Chemist: 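I'd like to ask you about the structure that follows.
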Amino acid sequence: MKILIKNIKELLQVREDGIEKVSGKDMAVLPSLQNAFLLIENNIIADYGSMEKCPDVIDANTIDATGKTVLPAWCDSHTHIVYAGNREQEFVDRINGLSYEEIASRGGGILNSAKKLNETSEEDLYLQSRSRLEEVMQQGTGAVEIKSGYGLTVDGELKMLRVIKRLREEYPVAIKATFLGAHAFPTEYKENHSAYIDLIVKEMLPKIAEEKLADYIDAFLETGYFSVEETERIMEAGKKYGLQAKIHVNQFTAIKGIEACVKHDALSVDHLEIVTDEDIEALKGTKTMPVALPTCSFFISIPYTPARKMMEAGLPLALATDFNPGTTPSGNMNLVVATACIKMKMTPEEAINAATINGAYAMDLAKTHGSITKGKRANLIITKPLTSYYQLPYAFGSNLIDSVIIEGQMI
């Protein structure tokens, strides 16, 4: 099938092949073409250029994009889309003054989600998760990472990862699966951390590897959750099964977790609401992508990742949703981009780079996703008519997407 998009007011994120990510000052540059066309063949970006060079294509489905902007679909590299039920009561508890830590100490938080998940059938879990995935696709997400971590038992974690596998098989969107058994310590292991880590390393990981259910391994490296030493053990165990690390770190405290993640060649370090000068130095010159989750900060009123400081130090930055039932019950990447501009003082160019090409890098999808590049997958957002792409973060409450194409299919 061929699709020819003509009269594009502005084609964003036009990159030559081989550019995997952008860093530092380069994040402020968003290459584009005015008055452009784009040709899709067999789900691939086959050609693009100025309308003066637009080819006559026989048997193509032609889309007139007059006044509209076209850009790569969002690449959301950090989500927890597979979960059961919700945590609406905790939302009200926070309004009434309870902190994240206080809610967790009362049996809320991750353990609350784990209880609900283990009481939910695999089929019901799939149906709930499917509706969330369909929603984010309609909001422009063309690649997504999904974590386990609400099972905290062998059966629960396997159930989550099997649901992720089924979603990957049944939907055109690119999905990466991350094993997050080290999300929290179950109540029965609260005083025996090493026994739970043994369960992860000796029972969960071999079964996950046997069924080929995960691409990455994760842990909640944070005060009161998994220590640096405990996380290092988990990262080392993951390596033995070919699972690269993508780690939750520095959400509430800085305890040299980033340094440990870099040492173990983590693909990404995610959250980073608290970042020290030492953390920035540890990230310089590495292949580890820092990932900010601004709508989590928005929802639970914690600090925002210091994006400006990190980019001025020459670092790259990706943006993701953290879509989960407790701290970010939204998978809307459009809101993430807007929040990054409004609250983190990222320019629209920086935020779009962070949500496309750098997000793809944080899922090891840079060769196929995240930019308008010949040979990459045809994953696109076609906006409604815009005065400029600055409207995307500016009109943060408006749906400015006209249509979404994923793998050459109109969603």
Side-chain angles (χ1 to χ4, degrees), residues 10-15 19-32 69-79 136 139-145 268-273 275 289-299 303-323 328 330-363 365-366 369-372 379-381 383 386-401 404:
E10 190 164 14
L11 182 62
L12 297 182
Q13 194 58 288
V14 176
R15 300 275 179 183
I19 297 174
E20 291 190 325
K21 63 179 178 178
V22 289
S23 306
K25 292 179 180 179
D26 290 338
M27 288 196 65
V29 180
L30 186 64
S32 68
T69 298
V70 174
L71 67 155
W74 306 124
C75 297
D76 187 355
S77 67
H78 183 127
T79 84
V136 301
Q139 292 169 339
T141 294
V144 62
E145 179 257 22
S268 71
V269 285
D270 302 30
H271 269 293
L272 313 181
E273 288 85 351
V275 178
M289 176 63 70
V291 180
L293 311 171
T295 48
C296 176
S297 297
F298 170 77
F299 191 71
Y304 289 84
T305 301
R308 189 91 271 128
K309 181 177 180 179
M310 294 169 73
M311 290 185 295
E312 286 173 356
L315 296 181
L317 189 66
L319 292 170
T321 65
D322 194 24
F323 191 179
T328 327
S330 168
N332 191 337
M333 282 291 287
N334 305 283
L335 179 59
V336 167
V337 168
T339 305
C341 294
I342 296 164
K343 292 296 186 180
M344 292 163 60
K345 303 305 178 187
M346 294 179 74
T347 66
E349 292 84 359
E350 291 166 342
I352 291 170
N353 275 324
T356 55
I357 193 166
N358 283 3
Y361 179 94
M363 292 182 276
L365 289 172
H369 293 70
S371 66
I372 304 299
N379 288 1
L380 308 168
I381 294 170
T383 72
L386 302 178
T387 53
S388 80
Y389 63 83
Y390 287 178
Q391 264 190 278
L392 293 171
Y394 167 75
F396 68 92
S398 300
N399 176 15
L400 298 177
I401 295 177
V404 178

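Just so it is clear, the structure is predicted and the values come from calculations on it, not from any experiment.
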Chemist: For a 4.5 angstrom cut-off between non-hydrogen side-chain atoms, does Leu380 reach Leu71?
Modeler: no
Chemist: Looking just at side-chain N and O atoms, do Asn399 and Gln139 make a donor-acceptor pair shorter than 3.5 Å?
Modeler: no
Chemist: When you check the side-chain N and O atoms of Glu145 and Ser77, is any donor under 3.5 Å from an acceptor?
Modeler: no
Chemist: Does any non-hydrogen side-chain atom of His271 lie less than 4.5 Å from one of Asp322?
Modeler: yes
Chemist: Is there a side-chain contact between Glu273 and Ser297 (heavy atoms, below 4.5 Å)?
Modeler: yes
Chemist: Mind running side-chain contact (heavy atoms from CB on, under 4.5 Å) on Leu12 and Leu30 for me, showing each step along the way?
Modeler: CA-CA 7 Å; Leu12 297 182; Leu30 186 64; 4.2 Å; yes
Chemist: Taking all heavy atoms of Val291 and all of Ala320, pick out the closest pair and write down the distance.
Modeler: CG1-CB, 3.9 Å
Chemist: Hey, are Asn379 and Trp74 close enough side-chain-wise for a donor-acceptor pair under 3.5 Å?
Modeler: no
Chemist: Start with the C-alpha distance between Val70 and Ile381, add both sets of side-chain angles, then the distance that settles side-chain contact (heavy atoms from CB on, under 4.5 Å), and finish with yes or no.
Modeler: CA-CA 6 Å; Val70 174; Ile381 294 170; over 6 Å; no
Chemist: For His369 and Gly142, which heavy atoms make the closest approach, and how far apart are they?
Modeler: CD2-O, 4.1 Å
Chemist: Check step by step if salt bridge (charged side-chain N to carboxylate O under 4.0 Å, His left out) holds for Arg308 and Glu350.
Modeler: CA-CA 10 Å; Arg308 189 91 271 128; Glu350 291 166 342; 2.5 Å; yes
Chemist: So Pro294 and Lys343, do their side chains get closer than 4.5 Å, heavy atoms only?
Modeler: no
Chemist: Rounded to the nearest 0.5 Å, how far apart are OG1 of Thr383 and CD of Gln391?
Modeler: 8.5 Å
Chemist: Would you say Leu400 and Asn334 make side-chain contact, with heavy atoms under 4.5 Å?
Modeler: no
Chemist: What are the two closest non-hydrogen atoms of Val275 and Lys309, and how far apart are they?
Modeler: O-NZ, 4.5 Å
Chemist: How long is the straight-line distance from NZ of Lys25 back to CE of Met311, given to the nearest 0.5 Å?
Modeler: 12.5 Å
Chemist: What closest approach, in Å, do Ser23 and Pro316 show between heavy atoms, and which atom pair accounts for it?
Modeler: OG-CB, 3.4 Å
Chemist: Does some side-chain heavy atom of Met27 sit less than 4.5 Å from a side-chain heavy atom of Glu349?
Modeler: no
Chemist: Would you check if Thr347 and Cys341 make a side-chain contact, meaning some heavy-atom pair closer than 4.5 Å?
Modeler: no
Chemist: I'd like to check Val22 versus Ile357 (side-chain heavy atoms, cut-off strictly below 4.5 Å). Are they in contact?
Modeler: yes
Chemist: Check Leu335, Thr295, Leu293, Thr79 against Thr328 for a side chain to side chain contact (heavy atoms under 4.5 Å, CB included) and give me the one that passes.
Modeler: Thr295
Chemist: Can you tell me how far NZ of Lys345 sits from OH of Tyr304, rounded to the nearest 0.5 angstrom?
Modeler: 10.5 Å
Chemist: Which pair of non-hydrogen atoms, one from Val29 and one from Pro31, has the smallest distance, and what is that distance?
Modeler: O-CD, 3.6 Å
Chemist: Roughly how far apart are Ser388 OG and Glu10 CD, rounded to 0.5 Å?
Modeler: 8.0 Å
Chemist: Check for a donor-acceptor pair, side chain of Thr305 on one end and backbone N or O of Ala307 on the other, with a separation under 3.5 Å.
Modeler: no
Chemist: Distance check, rounded to the nearest 0.5 Å: Met363 atom CE versus Ser268 atom OG?
Modeler: 10.0 Å
Chemist: Should the pair Glu20-Arg15 be classified as a salt bridge under the 4.0 Å nitrogen-to-oxygen rule?
Modeler: no
Chemist: Return the CG to CG distance between Asp26 and Asn353, rounded to the nearest 0.5 Å.
Modeler: 9.0 Å
Chemist: Using distance alone, with no hydrogens and no angle criterion, decide if Asn332 and Ser330 have a side-chain donor and acceptor under 3.5 Å apart.
Modeler: no
Chemist: Please check if any side-chain donor atom of Thr321 sits under 3.5 Å from a side-chain acceptor atom of Asp76, or the reverse.
Modeler: yes
Chemist: Looking at Asn358 and Leu317, would you say the former's side chain and the latter's main chain have a donor-acceptor pair under 3.5 Å?
Modeler: yes
Chemist: Thr356 and Gln13: side-chain donor and acceptor closer than 3.5 Å?
Modeler: yes
